[in-house]
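Each remark here refers to the structure printed beneath this line.
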Amino acid sequence: GSETFLGCSSLINITIPYNVARIGHSTFEDCTSLVAVYCKPTTPPSGGTDIFSNNASGRKIYVPRNSLDAYKSDYDWGKYANAIIGYDF
C-alpha cells in the first residue's frame with residue numbers, strides 16, 4: 001500500500017518479488033538508508049508519486065536486464081532512470 005515504509009530509516013535494501021504489479025505512492029520515500037532495490041518483475045509495477053524519493057545517496061535500483069528500457073521509459077520509474085541498472089536475477 002501507499003506509504004508502507006515511509007520514513008523507515010533502518011531499511012537498507014529491499015527485494016520486490018516477481019508477482020508485484022503495483023507499488024503505492026511514497027512507499028519507500030524518506031528511507032534514508034535505502035541503498036539497493038532489487039525489483040524482479042519484468043513489467044514495471046505501476047506506482048505513484050515519490051516511490052523512492054529521498055533515499056540514501058547513490059541508491060541503485062536493479063531490474064531484469066531485458067526490461068531495463070521498459071523501466072527507464074516508464075512514467076512512474078523514469079524519474080529514477082539514472083539509478084536503474086540491468087541485473088540478472
Side-chain angles (χ1 to χ4, degrees):
S2 298
E3 301 178 358
T4 305
F5 296 99
L6 177 67
C8 182
S9 61
S10 62
L11 187 63
I12 297 170
N13 62 59
I14 187 80
T15 299
I16 299 169
Y18 291 104
N19 62 344
V20 171
R22 174 152 176 63
I23 299 173
H25 75 275
S26 300
T27 298
F28 302 103
E29 182 179 2
D30 293 330
C31 294
T32 55
S33 297
L34 185 62
V35 295
V37 176
Y38 298 92
C39 191
K40 293 183 174 185
T42 55
T43 300
S46 63
T49 59
D50 301 316
I51 299 170
F52 299 107
S53 294
N54 198 27
N55 295 155
S57 175
R59 181 253 304 113
K60 300 295 182 201
I61 301 171
Y62 300 94
V63 302
R65 189 173 307 281
N66 292 338
S67 300
L68 183 60
D69 291 337
Y71 274 86
K72 286 188 172 192
S73 64
D74 183 82
Y75 179 79
D76 297 318
W77 294 82
K79 65 180 89 174
Y80 310 108
N82 290 338
I84 297 175
I85 298 169
Y87 189 78
D88 294 320
F89 290 102

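Small disclaimer: the values here were computed from a predicted structure and weren't measured. What you see below is based on every heavy atom in this structure, not just the backbone, and it leaves out hydrogens, waters and symmetry mates.
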**Study point:** Listed once per pair and sorted, the salt bridge (Lys or Arg N to Asp or Glu O under 4.0 Å) pairs that draw on residues 60-71, sequence neighbours left out
**Key:** Arg65-Asp88
Review point. Nearest heavy-atom pair of Tyr71 and Cys39: which atoms, and what distance?
Key: OH-SG, 3.4 Å
Study note, to complete from the structure: Shortest non-hydrogen pair, Arg59 vs Val37, comes out as CD-CG2, 4.1 Å
Exercise for review: Would you name the heavy atoms of Gly47 and Asp76 that are closest together and state the gap between them?
Suggested key: N-OD2, 2.9 Å
Review point. Between Thr49 and His25, do the side chains contain an N or O donor and an N or O acceptor separated by less than 3.5 Å?
Key: no
Review point. Would a hydrophobic clustering, with Ile, Leu, Val, Met, Phe, Trp and Tyr connected at side-chain separations under 4.5 Å, put Leu34 with Tyr62?
Key: no
Study note, to complete from the structure: Between Ser9 and Ser33 the two heavy atoms that sit nearest each other are O-OG, 2.6 Å
Exercise for review: Group every Ile, Leu, Val, Met, Phe, Trp and Tyr by side-chain heavy-atom contacts under 4.5 Å, then state whether Ile14 and Val63 land in the same group.
Suggested key: yes
Check your understanding: Quick one: does Lys40's side chain get under 4.5 Å of Thr15's, heavy atoms only?
Key -> yes
Point to revise | Gap between atom CG of Asn54 and atom OG1 of Thr32 - 0.5 Å precision | key: 7.0 Å
Check your understanding: Parallel, tilted or perpendicular: which fits the ring planes of Phe28 and Phe52, with parallel below 30° and perpendicular above 60°?
Key -> parallel
Review point. To the nearest 0.5 Å, how far apart are OG in Ser2 and CD1 in Ile51?
Key: 9.5 Å
**Study point:** Side-chain heavy-atom pair Phe5, Ser26 within 4.5 angstrom cut-off
**Key:** no
Review point. What residue pairs, at least two apart or across chains, pass salt bridge (Lys or Arg N to Asp or Glu O under 4.0 Å) with a residue in residues 22-31?
Key: none
Practice item. Taking the side chain as every heavy atom from C-beta outward, state whether Asn66 and Thr42 have any atom pair closer than 4.5 Å. Key: no
Revision key, fill the gap. Heavy-atom closest pair (Ile85 atom, Leu68 atom, distance to 0.1 Å) is C-CD1, 3.8 Å
Check your understanding: Aromatic rings Phe89 and Tyr38: how do their planes relate, parallel, tilted or perpendicular, breaks at 30° and 60°?
Key -> perpendicular
Check your understanding: What closest approach, in Å, do Pro41 and Val20 show between heavy atoms, and which atom pair accounts for it?
Key -> CG-O, 3.5 Å
**Study point:** Residues forming a side chain to side chain donor-acceptor pair (under 3.5 Å) with Asn13, sequence neighbours excluded
**Key:** none
Point to revise | Min side-chain heavy-atom separation Val35-Ile12 under 4.5 Å | key: yes
